[in-house]
Amino acid sequence: MAATQPFDRPNRPLTVYAGLFTLFLYIPILFIPLFSFNSGLYARFPLQEFTLVWYAELWTRGPVFAALQNSLQVGVTVAVISTVLAVPAAKALARYRMPGKGPILGFMLLPLVVPGLIFGVALLVLVSRLGIPLSLWTVGLGHVIICLPFAISILLPRFEGSNRSLEEASADLGENAWWTFWRVTFPNILPGVLASLLLTFTVSFDEFIIAFFLSGTDPTLPMYLWNQLRFPQSFPSLLALSTLILVVSFGMVFVSLSLARIGQGRSGPASGPNTH
């Protein structure tokens with residue numbers, strides 16, 4: 001029997017550190033669902049009786065559903081546009097040689113590191129100078145800018161890990177580039193496309209800073225939460241709403257990450273010189 005490799009052994013100190021680090025990150029968030037089931041009006045200890053009344057009260061709030069509809073419209077539109085724009089960008093970066101590829105990729109991923117406050121102020125100044133009224137369209141524009149790097153970062157590994165020999169075989173059989181993409185390339189990157197749609201939708205749905213600067217009279221759901229924080233009697237219902245958003249967002253992110261990993265172990269390295 002082969003000896004166990006050192007890297008195969010569990011690293012207990014590292015496991016404990018990872019567990020403590022995870023608790024440090026998520027314990028503050030866990031207080032939101034905890035207090036959402038509290039019958040008291042204020043979030044404080046000791047907790048009072050367990051109740052679901054705050055969740056039931058959400059059904060009586062018409063503005064909640066209006067804001068939810070706005071967020072769904074913006075999120076779906078942003079997810080589709082970001083993914084559609086990211087597919088050719090990721091393919092070009094993965095398949096073709098071009099001068100300055102590294103700086104180009106860094107520029108595309110720049111919104112991941114630039115504070116949203118900077119983008120919010122810059123876009124507000126831009127749309128104001130152009131005379132564009134603030135609306136859900138301006139919010140969607142801002143969300144596309146911050147969601148596009150997420151889509152590219154998901155799709156780029158799919159193109160780099162796909163087997164190019166299948167596309168070359170399709171071209172050798174006389175298929176043109178358009179149908180080769182739809183019949184060969186697209187099925188291979190489909191898990192990444194679905195992952196991109198889910199992740200960018202989640203980012204847009206939960207985003208607040210850009211929406212704060214660019215929203216007009218139609219608030220998104222995060223903007224509705226922010227506006228309602230001025231009313232203490234609404235706070236428990238907001239905790240219930242935040243809990244639902246957390247559960248759905250975490251679920252969509254986990255599904256997105258799972259989809260992004262599908263088939264990556266089976267795809268082999270891209271074959272052929274990258275000289276197109």
Side-chain angles (χ1 to χ4, degrees), residues 15-79 116-117 120 136 139-140 143 146-147 150 194-195 197-259:
T15 303
V16 173
Y17 170 77
L20 293 176
F21 185 77
T22 303
L23 288 176
F24 175 77
L25 287 178
Y26 290 105
I27 278 183
I29 298 178
L30 294 178
F31 281 109
I32 294 178
L34 176 64
F35 287 114
S36 71
F37 296 108
N38 182 33
S39 61
L41 188 62
Y42 300 101
R44 63 187 180 186
F45 290 103
L47 299 178
Q48 300 181 16
E49 298 178 358
F50 177 87
T51 183
L52 295 174
V53 66
W54 309 122
Y55 289 88
E57 186 181 342
L58 290 176
W59 295 97
T60 65
R61 292 176 173 261
V64 172
F65 292 97
L68 175 61
Q69 182 178 1
N70 293 336
S71 289
L72 290 175
Q73 291 176 351
V74 173
V76 171
T77 303
V78 168
L117 180 65
L136 294 179
V139 175
H143 285 184
I146 63 175
C147 287
F150 289 96
L194 297 177
L197 289 171
L198 288 175
L199 184 59
T200 51
F201 172 82
T202 304
V203 172
S204 174
F205 188 86
D206 295 337
E207 204 281 328
F208 168 75
I209 297 178
I210 299 295
F212 178 80
F213 285 99
L214 299 180
S215 62
T217 58
D218 298 321
T220 59
L221 200 56
M223 283 298 301
Y224 171 80
L225 288 171
W226 169 260
N227 293 329
Q228 292 299 307
L229 288 176
R230 296 173 296 174
F231 309 106
Q233 66 275 13
S234 300
F235 190 69
S237 297
L238 298 183
L239 291 177
L241 180 59
S242 301
T243 301
L244 296 177
I245 295 175
L246 282 174
V247 172
V248 174
S249 298
F250 273 105
M252 295 188 70
V253 169
F254 289 146
V255 172
S256 173
L257 295 177
S258 300
L259 287 172

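Everything quoted here is computed from the prediction, not taken from an experiment.
In this structure the side chain of Phe250 never reaches within 4.5 angstrom of the side chain of Thr202, judged on heavy atoms. Considering only heavy atoms from C-beta on, Asn70 stays 4.5 Å or farther from Val139 through its side chain. Phe235 has its side chain within reach of Leu239: a pair of non-hydrogen atoms, C-beta onward, lies under 4.5 Å apart. Between Phe201 and Val78 there is no side-chain heavy-atom pair separated by less than 4.5 Å.
The shortest heavy-atom contact between Pro219 and Tyr224 is CB-N, 4.3 Å. Contact between Ser256 and Leu199 at its shortest, heavy atoms only, is OG-CB, 3.4 Å. Leu58 and Phe65 make their closest contact through O-CE1, 3.6 Å (heavy atoms, listed as atom of the first residue, atom of the second, distance). Counting all heavy atoms, side chain and backbone alike, Ser204 lies closest to Gly75 at OG-CA, 3.6 Å. Residues Gln73 and Thr77 approach most closely at O-OG1, 2.8 Å, considering heavy atoms.
One finds the OG atom of Ser249 at 10.5 Å from the CG atom of Leu244 (value rounded to the nearest 0.5 Å). Expressed to the nearest 0.5 Å, how far CG of Leu241 lies from CG of Leu225 amounts to 5.0 Å. Residue Ile245 holds its CD1 atom at 5.5 Å from CZ of Phe205, rounded to the nearest 0.5 Å. In this structure, CD1 in Ile29 is found 6.5 Å from CG in Leu246, a value given to the nearest 0.5 Å. Going from atom OG1 of Thr15 over to atom CG of Leu20 covers 11.0 Å, rounded to the nearest 0.5 Å. With rounding to the nearest 0.5 angstrom, the CG atom of Leu197 is 9.5 Å from the CE atom of Met252.
For Tyr17, the side chain to side chain contact (heavy atoms under 4.5 Å, CB included) test picks out Leu14, Phe21, with sequence neighbours left out.
For Phe212, the CZ atom is loosely surrounded, since the number of other residues' heavy atoms within 6.0 Å does not exceed 12. A 6.0 Å sphere centred on CZ of Phe50 holds more than 12 heavy atoms belonging to other residues, nucleotides or ligands.
In terms of modelled atom types and a separation under 3.5 Å, the side chain of Glu207 and the main chain of Ala211 share a donor-acceptor contact. With hydrogens and angles ignored, the 3.5 Å screen pairs no side-chain donor or acceptor of Ser71 with any backbone N or O of Leu68.
Between Phe37 and Trp54, a ring centre-to-centre spacing not shorter than 6.0 Å is recorded.
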Before you tell me yes or no, could you show the steps for Thr220 and Leu136 under side-chain contact (heavy atoms from CB on, under 4.5 Å), namely the whole-Å CA-CA distance, both residues' side-chain angles and the distance that decides it to 0.1 Å?
CA-CA 8 Å; Thr220 59; Leu136 294 179; 4.2 Å; yes

